[in-house]
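Written below as structure tokens is the structure these notes are about.
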Amino acid sequence: MSQIEESPLQSPISVLKGAGKEAETSLAGIGVFTVSDLMEFVPARYEDRRLKSPEDAAHDEKVTIEGTIQTEPSVMYYGKKKSRLTFKLLSGPHLIQVTFFNQPYLKKKAAVGDTVTVTGKWDRHRLAVSGQLLEAGPYRRGADFEAVYLLRNAIPLKQFRKLVQQAIDLYGSLIEETLPESLMRQYRLMPRKDAIRALHFPESQEEMKQARRRFVYEEFFYFQLKMQALRKTIREQSGGISQKYDLAKLKALIDSLPFELTKAQKKAVNDICADMKSPYRMNRLLQGDVGSGKTAVATLALYASVTAGFQGALMVPTEILAEQHAKSLHDMLEPFGINTALLTGTVKGKKRRALLEALERGDIDILIGTHALIQEDVVFHKLGLVITDEQHRFGVNQRRVLRTKGENPDVLFMTATPIPRTLAITVFGEMDVSIINEMPAGRKAIETYWAKEEMLGRVLDFTEKELQKGRQAYVICPLIEESEKLDFQNALDVHAQLSSHFHGKFTVGLMHGRLSGDEKEAVMKSFSANEINILVSTTVVEVGVNVPNATVMIIYDAERFGLSQLHQLRGRVGRGSEQSYCMLIADPKSETGKERMMAMTETNDGFVLSEKDLELRGPGDFFGRKQSGLPEFKMADMVHDYRALETAREDAKTLIDSPAFWHDPEYRHLRAVLTDSGVLDGEKLD
């Protein structure tokens, strides 16, 4: 929720009766300093205090029942300072045993014939209630839902509720609306001052839902407003280049391809070309599942830039991947007179100097390479387009340096990690996003099987049959070596076992994170050349390597991986014309683990799996909390409230792109929020 800037609302909570120095200090520990903070402190949950008849209540459910006391309440003391108060209560046709532990003083509030309201845990089998709250008289309407707050022992819950009530009574009328009137009307949102009251003291379940709905939308809207303003600022202040590419030449290249582009590929190419033609700098993310044809799209974009008189650069994380891309780009573009070159750490001496001179002269049209591309002595003649593959593998600074190699070149990021749409528009909110969500025609789906550990022998027999046909296999393990804490299979052990099992028949290679970069490259080159038949590895092979001859992927302890990672690993096979297989060796104990395995066997669609992964793991764990870049929302939940997130994004984008937003008095508050948060320069606003 946005900050309220009316001075009385920013008063310290000590202005409230009952908020002394001690309470003020304690509440500061949970982020409550002002009256506004107090009113915007979101309840963690609500206790359902609605009256229930015993026959409608589930066993062990918390219930509130009304009845007449039938037996004299008696207190029995036992142990040290322990007591039990019991009496029988007639509620409708039911005679219920009521027990209160360690509250002997309640005896004064209860007498035979009194009507009372009891809240407690219902024991359906014994027709008994373990009481928590006893109120004299019949049930009082109006307190059906009671807010419960996560106070971390700051102050007692009862005292906190009283302070909130007092704050709303004294200052509630000063709460200002923070959403535009047009959006309030369009979505029939509850006014902010009513929503604050309903958040803490709802009169019904419906009112509580409407208050939450309003604040979920508000949180998403304000976040997306900042994202869209940032996007507009980056776009308009970037001073990009308008690339007037040759459409006829581009179409000729597309017609020459040995396959037809999918609809998703065509849309991505159109989006990228439109960005390149515009006077603003492109800042686009291209998401595509493993094998969906991102490289073809990248090649067409680079070619378009060259026909406009510019150079292109493609940066990838590993040498072997750079070599593979360089070969495929050369094969596609050489017939069209395009000069491509490869620059990696292994290009040295005279060869490197000659390459760099040709690049600076403009004789090289497209340069493909690793982070060697961003070294100081690499100078382009006229760089127009920069493409970074598997962009999350490079640091922000590395990506920025490559951009500075030209005069505001267009920038395209690519990733084969399917990111759920909700996360993409949240984490990459300032970027435009293109998605390739369909596979090229004729590609065979990888057959995926889940096998328990005792079936490993059958899995190895099947693998041997594939190897006898001249195929290759990957075997993936979670850890490198034995850990006392975690009893996982590990790469060193598995390598030893498989070397023994296939001794004299097939060669078994080993790859893990502790090898140097050169050692990893050497292992991968041997595997690509089929000198290694089986490659045992940790997850370092997850991204990018293309070995079309590999048809079997075995993943040990598969339940230890997230769905997206399993899918990435599976994508290492299925790259040739032969049928490929993925075997998940797993004995998951949790329901979530079993769901993951089932999901993997049911679909090959990375986007479907990424949504499932998000549902099972939550947004923080999807990227790993350290680098997630995810905003903290008080009420909104990106997974469950994704429709509200998408709606808020569209609304924010429409507003930011409209001239009225920058001048109309209705949006003054929103413009102030953007300047206060540093997204916009206040001096440039009207």
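Model, not experiment: these values are computed from the prediction.
Between D37 and V32 the shortest heavy-atom distance is CB-CA, 3.8 Å. Heavy-atom minimum distance, P588 versus M597: CG-CG, 4.2 Å.
A distance of 9.5 Å separates CD of Q228 from CG of L230, quoted to the nearest 0.5 Å. Taking OG1 of T538 as the start and OH of Y556 as the end, the distance is 15.0 Å to the nearest 0.5 Å. Between I435 atom CD1 and L285 atom CG the span is 8.5 Å, to the nearest 0.5 Å. Of the inter-residue distances, the one linking I476 atom CD1 with Q568 atom CD reads 12.0 Å to the nearest 0.5 angstrom.
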For C582 and I555: C-alpha separation, side-chain torsions, deciding distance, then whether side chain to side chain contact (heavy atoms under 4.5 Å, CB included) applies. CA-CA 8 Å; C582 177; I555 304 173; 4.2 Å; yes

Applying side chain to side chain contact (heavy atoms under 4.5 Å, CB included) to L157 and E146, what does each step give before you reach the verdict? CA-CA 11 Å; L157 182 59; E146 207 162 44; over 6 Å; no

Apply side chain to side chain contact (heavy atoms under 4.5 Å, CB included) to E47 and T119, showing your working. CA-CA 11 Å; E47 281 195 346; T119 300; 5.7 Å; no

Is there a side chain to side chain contact (heavy atoms under 4.5 Å, CB included) between L85 and Q103 once you walk through the steps? CA-CA 7 Å; L85 167 70; Q103 297 179 67; 6.0 Å; no

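Side-chain contact check for K226 versus L674: some heavy-atom pair is nearer than 4.5 Å. At least one side-chain heavy atom of E24 sits less than 4.5 Å from a side-chain heavy atom of K21. Contact annotation: the side chain of L163 approaches that of I155 to within less than 4.5 Å [non-hydrogen atoms, C-beta and beyond]. Here the side chains of Q287 and F607 are in contact, with some heavy-atom distance below 4.5 Å. When side chains are defined from C-beta on, K62 does not count as touching D48, because their heavy atoms never get closer than 4.5 Å. L16 has its side chain out of reach of K162: every pair of non-hydrogen atoms, C-beta onward, lies at least 4.5 Å apart. At a threshold of 4.5 Å between non-hydrogen side-chain atoms, the residues L127 and L95 do not count as touching. Side-chain contact between L670 and L655: present, with at least one pair of heavy atoms (C-beta onward) separated by less than 4.5 Å.
For the pair K634 and E218, the salt-bridge criterion is not met [side-chain N within less than 4.0 Å of a carboxylate O]. Salt-bridge formation is not detected for the pair E206/R213: no Lys NZ or Arg NE/NH1/NH2 atom is positioned less than 4.0 Å from an Asp or Glu carboxylate oxygen. Between R649 and E646 no salt bridge is recorded (no basic side-chain N to carboxylate O distance below 4.0 Å). Ion pairing between K612 and E595 holds under the 4.0 Å rule for side-chain N and carboxylate O. The residues D637 and R212 are annotated as not salt-bridged, no charged nitrogen and carboxylate oxygen being separated by less than 4.0 angstrom.
Of the possible donor and acceptor atoms, none in the side chain of Q166 sits under 3.5 Å from a partner among the backbone N and O of G18. N102 places a side-chain N or O within 3.5 Å of a backbone atom of S83 that can act as its donor or acceptor partner. In this structure, E66 contributes its side chain and Y139 its backbone to a donor-acceptor pair below 3.5 Å. Under the 3.5 Å distance criterion, the side-chain polar atoms of D664 are left unmatched by any main-chain donor or acceptor of Y667. Of the possible donor and acceptor atoms, none in the side chain of T34 sits under 3.5 Å from a partner among the backbone N and O of Q10. Checking side-chain atoms of K193 against main-chain N and O of G172 turns up no donor-acceptor pair under 3.5 Å.
For N153, the CG atom sits in a loose shell: 12 or fewer heavy atoms of surrounding residues, nucleotides or ligands are nearer than 6.0 Å. Applying the 6.0 Å contact sphere to CD of E22 captures no more than 12 heavy atoms from other residues, nucleotides or ligands. Taking a 6.0 Å sphere around CZ of R458, one finds it holds 12 or fewer heavy atoms contributed by other residues, nucleotides or ligands.
Pairs passing the ring pair (Phe, Tyr, Trp, His ring centres under 6.0 Å) check and including a residue from residues 150-206, sequence neighbours excluded, read F41-F160, Y149-F160, Y149-H200, Y187-Y217. The ring pair (Phe, Tyr, Trp, His ring centres under 6.0 Å) analysis of residues 79-135, with sequence neighbours excluded, yields the pairs H59-H125.
The only option from M635, M208, R214 that meets the side chain to side chain contact (heavy atoms under 4.5 Å, CB included) definition with L199 turns out to be M635. Checked against E61 for a salt bridge (charged side-chain N to carboxylate O under 4.0 Å, His left out), the options R50, K121, K52 give a single hit: K52.
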